[in-house]
Chemist: 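Below are the structure tokens for one structure; questions will follow.
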Amino acid sequence: MTALANLQSRIPTNQSVSVPVFGLGVWKSKPKECYAAVISALEVGYRHIDTAAIYGNESEVGQAIRDSKIPRSEIFLVTKLWNADQGYDSALKAIDRSLENLNTDYVDMYLIHFPVTEKRNESWKALEEIKKSGKAKSIGVSNFMIPHLEELLKEASIVPAMNQVEYHPFLNNNELFHYCESKGILVEAYSPLAHGKKIDDERVAILAKKYNKTNAQILLRWGLQKGMVLIPKSVKKERIRENADVFDFQINEADMMEIETWDEDYRTCWDPTTVE
Ligand SMILES: NC(=O)c1ccc[n+]([C@@H]2O[C@H](COP(=O)([O-])OP(=O)(O)OC[C@H]3O[C@@H](n4cnc5c(N)ncnc54)[C@H](OP(=O)(O)O)[C@@H]3O)[C@@H](O)[C@H]2O)c1
């Protein structure tokens, strides 16, 4: 099965886990709507949920997973180490809190949420321990730019499985993508819909009409065809379904190239490029 076969297709990582290519993001999903969104996503067929300690909804994610009755082993669950918990000892405590909130024995991937200066390398050492303990089946980073990765790789015993970064046609960081590829680090696109702010872009609408798909589906399909893992967020069941309906068409090469020209360094979230 290729990575683009369906929303449960997986991409292998360098750490003997494979990541479902499509997941549900739950940032800014309030607890009750988060619970309902995870239930909806699992019903639709999603098997990958992306949360974080700072989102304040780990408990609802865990509850929804249990209530779904889908075996825990079939669901790829990701959470993240928050900035205030970075450092060796505090990271070891933070994973325990997250596991308690999620009411599970392990996460499938634990990420450093942001490359906090002077803390990130100690945090990574803790994540290596967390992986060895089995509390996380795999470990990775988020918002790491090339200099942060170069620094980490000098000291790391384990190469991150994945780097979760903001990525969409309007923030098309090809240099980072190719760097990660060269190191065997999977790139996961967060805010693949540009946080909802570019869905009505006229150029997207033209392609949507051409392919008889929605604007959101064009943005998501582009990310998939580039080889990224995607975690769009919605709290609406119809959109959760719509976003996942991107495995039955192919954007042709000329249009993929056209989308490459839309990059305008448009960042909707925080900016890690200036972090030393
Ligand atoms: N590691 C990090 O630092 C970091 C940072 C940002 C995000 N993330 C992760 O990435 C996930 C996704 O990013 P994101 O939440 O920033 O933005 P996103 O997925 O790019 O866009 C979400 C926005 O688009 C709307 N939307 C979703 N589907 C739509 C559709 N089909 N048509 C029209 N509007 C639609 C949503 O509204 P409704 O919910 O009302 O549908 C929401 O306002 C997050 O939830 C989080 O898990 C990680």
Side-chain angles (χ1 to χ4, degrees), residues 7 19-20 22-38 40-41 44 46 48-58 60-61 76-83 86 98 107-116 120 123 139-145 148 160 162-173 176 186-201 204-205 208 213-224 228-246 266-273 275:
L7 92 154
V19 184
F22 210 87
L24 178 77
V26 296
W27 180 38
K28 292 192 176 168
S29 303
K30 295 188 190 97
K32 263 192 182 166
E33 51 183 22
C34 174
Y35 174 86
V38 174
S40 296
V44 167
Y46 290 61
H48 173 176
I49 309 292
D50 180 84
T51 186
I54 193 65
Y55 299 170
N57 53 26
E58 285 178 319
E60 287 71 21
V61 168
F76 197 89
L77 177 57
V78 181
T79 195
K80 311 184 193 87
L81 172 68
W82 181 236
N83 298 351
Q86 286 210 28
S98 280
V107 288
D108 295 276
M109 194 176 290
Y110 195 45
L111 302 177
I112 295 184
H113 207 142
F114 195 82
V116 174
R120 53 184 179 253
S123 301
I139 52 174
V141 294
S142 176
N143 293 298
F144 273 51
M145 302 292 105
H148 309 132
M162 197 166 80
N163 187 14
Q164 182 186 109
V165 292
E166 180 169 354
Y167 216 124
H168 44 72
F170 312 97
L171 180 67
N172 186 356
N173 198 338
L176 177 64
L186 197 56
V187 176
E188 179 172 65
Y190 77 63
S191 307
L193 298 170
H195 204 58
K197 291 179 177 165
K198 288 281 196 179
I199 288 178
D200 295 330
D201 186 281
V204 184
K213 293 300 256 183
T214 65
N215 291 17
Q217 288 167 341
I218 294 295
L219 295 175
L220 296 170
R221 180 70 201 185
W222 173 82
L224 284 181
M228 285 182 281
V229 176
L230 306 184
I231 44 167
K233 172 260 180 187
S234 178
V235 292
K236 300 183 174 72
K237 186 162 189 179
E238 273 325 299
R239 286 180 175 176
I240 289 171
R241 192 187 300 282
E242 171 192 332
N243 292 344
D245 185 15
V246 286
Y266 179 75
R267 201 174 284 281
T268 68
C269 200
W270 46 6
D271 183 359
T273 58
V275 178

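For ligands, and for the atoms within them, numbers begin at 1 and follow the listed sequence.
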Chemist: Using modelled atom types only, decide if a donor and an acceptor are shared between the side chain of Q217 and the backbone of E242 within a distance under 3.5 Å.
Modeler: yes
Chemist: Ligand 1: which residues have a non-hydrogen atom closer than 4.0 Å?
Modeler: G25, V26, W27, D50, Y55, K80, H113, S142, N143, Q164, Y190, S191, P192, L193, A194, H195, G196, I199, A216, I231, P232, K233, S234, V235, K236, R239, E242, N243, C269, W270
Chemist: What pairs with K80 under side chain to side chain contact (heavy atoms under 4.5 Å, CB included), at least two apart in sequence or on another chain?
Modeler: D50, A52, Y55, L111, H113, Q164
Chemist: Taking side chain to side chain contact (heavy atoms under 4.5 Å, CB included) as the test, write out the residues that go with K30, two or more places apart.
Modeler: E33
Chemist: Can a donor-acceptor pair be found, under 3.5 Å and without considering hydrogens, that links the side chain of H168 to the backbone of F170?
Modeler: yes
Chemist: Identify, with sequence neighbours excluded, every residue that meets side chain to side chain donor-acceptor pair (under 3.5 Å) alongside T51.
Modeler: N57
Chemist: Is the shortest side-chain heavy-atom distance between N143 and P115 below 4.5 Å?
Modeler: yes
